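Just so it is clear, the structure is predicted and the values come from calculations on it, not from any experiment.
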Amino acid sequence: MTDTVNRGDAATERHLPEDVILRVNHLVKEFPITRGVFFKKKVGAVHAVSDISFQVKRGETLGLVGESGCGKSTTARSVLRLLQPTSGEVLFQGQSENGTIDEAVDVASADRETLRRLRRELQIVFQDPYASLNPRMTVASIVAEPMTVHEIGTQDERLERVKHLLQVVGLSPEHTNRYPHESSGGQRQRIGVARALALNPQFMVLDEPVSALDVSIQAQVLNLMQDLQDEFGLTYLFIAHDLSVVRHISDRVAVMYLGKIAEMTDRDTLYDRPMHPYTHALLSAVPIPDPTIEATRKRIILEGDIPSPSNPPPGCRFNTRCPKAEPGVCDVDEPPLKELEAGHWVSCHFPEVVQVV
């Protein structure tokens, strides 16, 4: 696998169904491992994302879950081309102001000018509200910066929009002259949301937006994101490792393990009828606020450590920790991601519905 993809001068155009806003085809992201001070000889690669495909429908929230290091954030940043994909397509199909569907554009191979235009449609809310805001800039400057970069409106018009956006995310216009350190964690994350909304995007990546916040604030931010989605018709790719949070906000959920999608289906099916052994283990660890039911549940404990993404195991990526793995099958052949039921995709040689509650 090469480190880069052949790029053309113009973006590749594709046709997608009208209800699909984003389609990812065979996305791969590898980070080279080099040796030597001057020549930097490549001796290996970290396989962060390994040939995954999925699509996101217009107006929905797709949750992306998994353990730390499974490739969730790398996938999201590759989709937005904050990281250059090693290979694959990321087809984005926007919608114009008059309601017509635009031609799909491959974000992964878009030229500089096309990518600049796409930045107005694709935005991200970062995980750490303490690190994602410039401490030397006022809140007004932070929220207005995207509009300044894209030369939208006059200075007075941008200031009025900043005040409006702060009200939309639940902050007072008085915050405009404050600095990030004068705000709490929840307020900082709201500022980050206001900045992401400044350009009227259609698709937003929410990269664990509540993991750094207190539990009492998490629900407020999640409810805010749902209200904004309804008000502005936004589409979300929501990344988290907390399955209870994902269940609250997502319409569909994709479970990742070691750079691969293990299972993907709608929210209720995943939580009520999971088929992949890894999903079974994840759901068994989610606490239930009923002591009687909690006392009768059987916790699935996975043995062994997660393999290194620089040297993934042959066959199924999960076979080294899977309680159902069969020698000669799971450690030899990699299971494809198959649609076993309508809308229920599973990558497993021996899928089985298990009641985890």
Side-chain angles (χ1 to χ4, degrees), residues 60-70 72-73 76 123-133 135 139 142 165-172 175 178-197 204-231 234 236-256 266-268 270-272 274 278-297 299-302 356-357:
E60 79 166 348
T61 299
L62 175 65
L64 202 57
V65 302
E67 296 172 276
S68 297
C70 71
K72 304 185 300 295
S73 294
Q123 288 293 310
I124 183 171
V125 176
F126 294 98
Q127 175 179 359
D128 188 356
Y130 295 90
S132 60
L133 304 179
V139 171
I142 290 171
L165 288 171
L166 291 179
Q167 290 179 317
V168 166
V169 299
L171 295 175
S172 168
H175 281 78
R178 297 183 184 179
Y179 287 87
H181 74 271
E182 299 177 286
S183 303
S184 65
Q187 290 173 333
R188 293 187 194 197
Q189 198 61 293
R190 290 172 187 265
I191 294 168
V193 172
R195 176 178 60 185
L197 291 173
M204 289 177 61
V205 168
L206 309 179
D207 188 2
E208 303 202 38
V210 298
S211 63
L213 305 178
D214 293 338
V215 175
S216 59
I217 306 299
Q218 289 184 3
Q220 297 178 20
V221 175
L222 289 175
N223 291 335
L224 169 66
M225 299 311 301
Q226 288 183 309
D227 292 341
L228 294 175
Q229 185 175 36
D230 295 337
E231 181 177 353
L234 298 169
Y236 292 151
L237 177 61
F238 185 87
I239 299 171
H241 58 267
D242 188 333
L243 287 168
S244 59
V245 169
V246 173
R247 186 171 194 174
H248 176 74
I249 196 172
S250 300
D251 299 302
R252 291 188 302 125
V253 182
V255 179
M256 287 191 69
D266 65 88
R267 171 187 59 195
D268 294 334
L270 186 84
Y271 284 83
D272 296 337
Y278 180 59
T279 311
H280 301 162
L282 287 181
L283 292 176
S284 75
V286 178
I288 295 177
D290 185 327
T292 303
I293 298 178
E294 183 69 22
T296 61
R297 296 177 70 209
R299 177 77 182 273
I300 301 175
I301 305 297
L302 297 178
V356 296
V357 178

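- Atoms CD and CG, on Gln123 and Leu206 in that order, are 11.5 Å from each other to the nearest 0.5 Å.
- The ring-ring contact (aromatic ring centres under 6.0 Å, His included) test applied to Tyr278 returns Tyr257, Phe318, not counting sequence neighbours.
- Under the 3.5 Å distance criterion, the side-chain polar atoms of Ser132 are left unmatched by any main-chain donor or acceptor of Phe126.
- With sequence neighbours excluded, no residue forms a salt bridge (Lys or Arg N to Asp or Glu O under 4.0 Å) with Glu208.
- Contact of the Thr61 side chain with the Gln229 side chain is registered, since non-hydrogen atoms from C-beta on lie closer than 4.5 Å.
- Proximity of Leu197 to Met204: side-chain heavy atoms (C-beta onward) are separated by under 4.5 Å at one or more points.
- With rounding to the nearest 0.5 angstrom, the CG atom of Asp268 is 6.5 Å from the CZ atom of Arg247.
- The structure places CD1 of Ile191 at 4.0 Å from OG of Ser183, a figure rounded to the nearest 0.5 Å.
- Side-chain N/O atoms of Asp214 and Ser216 include no donor and acceptor closer than 3.5 Å.
- Contact check for Gln189 versus Ile217: no side-chain heavy atoms found under the 4.5 Å cut-off.
- Partners of Arg252 by salt bridge (Lys or Arg N to Asp or Glu O under 4.0 Å), not counting sequence neighbours, listed by chain and number: Glu60.
- With a 4.5 Å cut-off on side-chain heavy atoms, Val245 and Phe238 count as touching.
- For the residue pair Tyr179 and Pro135, the shortest heavy atom distance occurs at CD2-O, 3.5 Å.
- Two residues are said to be in side-chain contact when any heavy atoms from C-beta on lie closer than 4.5 Å; Leu283 and Tyr271 meet this criterion.
- Here the straight-line distance linking atom CZ of Arg267 with atom CD1 of Ile249 works out to 10.0 Å at 0.5 Å rounding.
- Between Asp251 and Asp266, the closest side-chain pair of non-hydrogen atoms is not below 4.5 Å.
- The shortest side-chain heavy-atom distance between Val253 and Leu62 does not fall under the 4.5 Å cut-off.
- Leu165 and Ala194 get closest at one heavy-atom pair: CD1-O, 3.7 Å.
- A donor-acceptor distance shorter than 3.5 angstrom exists from the side chain of Arg190 to the backbone of Val169, with no hydrogens or angles considered.
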Determine, step by step, whether Leu213 and Val221 satisfy the side-chain contact (heavy atoms from CB on, under 4.5 Å) criterion, reporting the C-alpha distance in whole Å, the side-chain angles of both residues, the deciding distance to 0.1 Å, and the verdict.
CA-CA 9 Å; Leu213 305 178; Val221 175; 3.7 Å; yes
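- What you find for Val246 and Gly63 is that their closest heavy atoms are CG1-CA, 4.3 Å.
- Atom OG of Ser184 sits about 6.5 Å away from atom OH of Tyr130, to the nearest 0.5 Å.
- What you find for His248 and Asn223 is that their closest heavy atoms are NE2-OD1, 3.4 Å.
- Atom CD1 in Ile239 sits 5.5 Å away from atom CG in Leu64 (nearest 0.5 Å).
- At a threshold of 4.5 Å between non-hydrogen side-chain atoms, the residues Arg188 and His181 count as touching.
- For the pair Ser211 and His241, the tightest heavy-atom approach, listed with the atom from each and the gap, is CB-CE1, 4.2 Å.
- In terms of heavy atoms, Leu166 sits closest to His175 at CD1-CB, 4.3 Å.
- No side-chain donor-acceptor contact under 3.5 Å links Lys72 to the backbone of Met256.
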